[in-house]
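Computed from a prediction, not measured in an experiment: that's the story for all the values here. When a ligand or atom number is given, it counts from 1 through the structure's own listing order.
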Amino acid sequence: METAALPLVTARPAILDQPAESLRAWLAERGQPPLRLKQIRRWLVSGRAESFEQMSDLPRELRAQLTAAFEPLGTHVAIHQAARDGTHKLLLRLPDGGQVECVLIQDETRRTACISTQVGCGMGCVFCASGLNGVERNLTGGEIVEQLVRLRNLLPANERLTNIVVMGMGEPLANLDNLLTALEDAGDKNGLGIGARHVTISTVGLPAKIRQLADTGKQHHLAVSLHAPNDRLRTQIVPTNDKIGLAAILDAADYFFKMTGRQVTFEYVLLGGLNDHWTHARELGGLLEGRKAHVNLIPFNEVEGLPYRRPDDESLAGFVQQLQRAGVSVKVRKRKGSEIDAACGQLRRRAAAS
Ligand code: SF4
């Protein structure tokens with residue numbers, strides 16, 4: 001199923017992006033008590049309201065004033081795709097016309113939101129549609145929370161989001177401050193109630209930011225995208241590696257483990273014929289030796305216009321076997337939502353081209 005609505009560009013600011021103090025002042029100027037702020041947030045974040053008019057316990061006049069001054073949600077759903085396995089993908093149009101993707105992934109027990117942190121991405125991983133035109137800007141904290149709200153609103157009334165994976169468009173650690181603000185909000189027990197232990201933050205590896213994340217003392221889960229077992233190959237696949245290098249990234253990952261006690265996951269996109277040989281797996285096993293690490297293998301999802309292909313079954317099996325032989329915990333990620341443009345950045349690219 002796919003629905004597309006004409007996206008709106010609006011001049012009214014989104015209410016979730018307003019600092020609490022300025023909203024309290026705005027309410028006070030209209031003779032409203034500070035508790036109204038809580039009511040408004042509760043309606044948006046847990047009450048599933050998408051308009052101020054639905055906020056039935058607010059005075060009618062205040063609802064009209066809010067409608068004139070703010071957008072309840074600043075994003076608009078430009079495209080909604082739904083797959084038979086329960087995966088939903090939204091292309092959200094932002095107030096300035098930028099577009100980002102977010103995905104709801106459902107399995108027996110979990111309702112996981114995969115969210116974006118930037119419009120575009122500056123990391124330039126060669127296999128990724130999101131990075132093809134570079135980064136446009138960071139998302140605000142409110143725009144990150146809105147993705148969660150929009151995805152949660154797709155679920156039946158008796159269900160809630162259980163997990164967040166920050167693996168959509170953008171490099172999350174390049175927008176760490178706004179991300180942490182949004183995750184703080186997402187963890188609020190009176191709101192979405194998704195605690196740090198249920199949040200996975202994925203990065204291509206910005207060592208200083210990994211350390212900063214570790215120093216927050218929060219129990220987030222960290223996933224570091226390696227994609228290659230040596231610097232030469234990694235720089236070919238992840239160009240930013242040139243200035244950073246695997247050793248610095250692994251050092252920072254070790255620091256994260258030391259500070260949080262949380263095992264780091266290493267992500268590895270398998271590109272047929274490029275980084276999927278069993279000798280790469282052997283080298284990767286050597287690199288991770290002595291570390292409490294888990295490897296997630298992601299067979300590449302082919303993207304129109306990019307020259308990379310899925311690994312064949314034989315290479316995939318050989319890669320897994322070799323890692324297991326080296327004593328590394330390994331899993332192959334299952335493909336969800338295969339009939340929709342589930343690979344990060346594909347939907348936005350297609351919408352931009354049409
Ligand atoms: S894979 Fe992630 S980090 Fe790399 S270009 Fe795409 S969005 Fe950016």
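Remark: ligand 1 atoms within the under-4.0 Å shell around heavy atoms of Cys121 are 3 (S), 5 (S), 7 (S), 8 (Fe). Residue Val204 has at least one heavy-atom neighbour below 4.0 Å for each of these atoms of ligand 1: 3 (S). Ligand-side atoms of ligand 1 in range of Cys128: 1 (S), 5 (S), 6 (Fe), 7 (S), range being under 4.0 angstrom from any heavy atom. Here is the list of ligand 1 atoms found below 4.0 Å of a heavy atom in Gly124: 5 (S). Atoms of ligand 1 lying under 4.0 Å from any heavy atom of Gly170, numbered from 1 in the order shown and given with element: 7 (S).
No more than 12 heavy atoms of other residues, nucleotides or ligands shown are found within 6.0 angstrom of NZ on Lys218. When the shell of 6.0 Å around CD of Glu53 is examined, it contains more than 12 heavy atoms from other residues, nucleotides or ligands.
Here Arg110 pairs with Asp107, Thr112, Thr162, Asn163 under the side-chain contact (heavy atoms from CB on, under 4.5 Å) rule; sequence neighbours left out.
The list of ring pair (Phe, Tyr, Trp, His ring centres under 6.0 Å) pairs with a residue in residues 246-284, not counting sequence neighbours, reads Tyr268-Phe319.
When Val204, Leu233, Thr235 are each tested for a side chain to side chain contact (heavy atoms under 4.5 Å, CB included) with Asn241, only one passes: Thr235.
At a cut-off of 2.8 Å, Cys125 coordinates atom 4 (Fe) of ligand 1 through an N, O or S atom.
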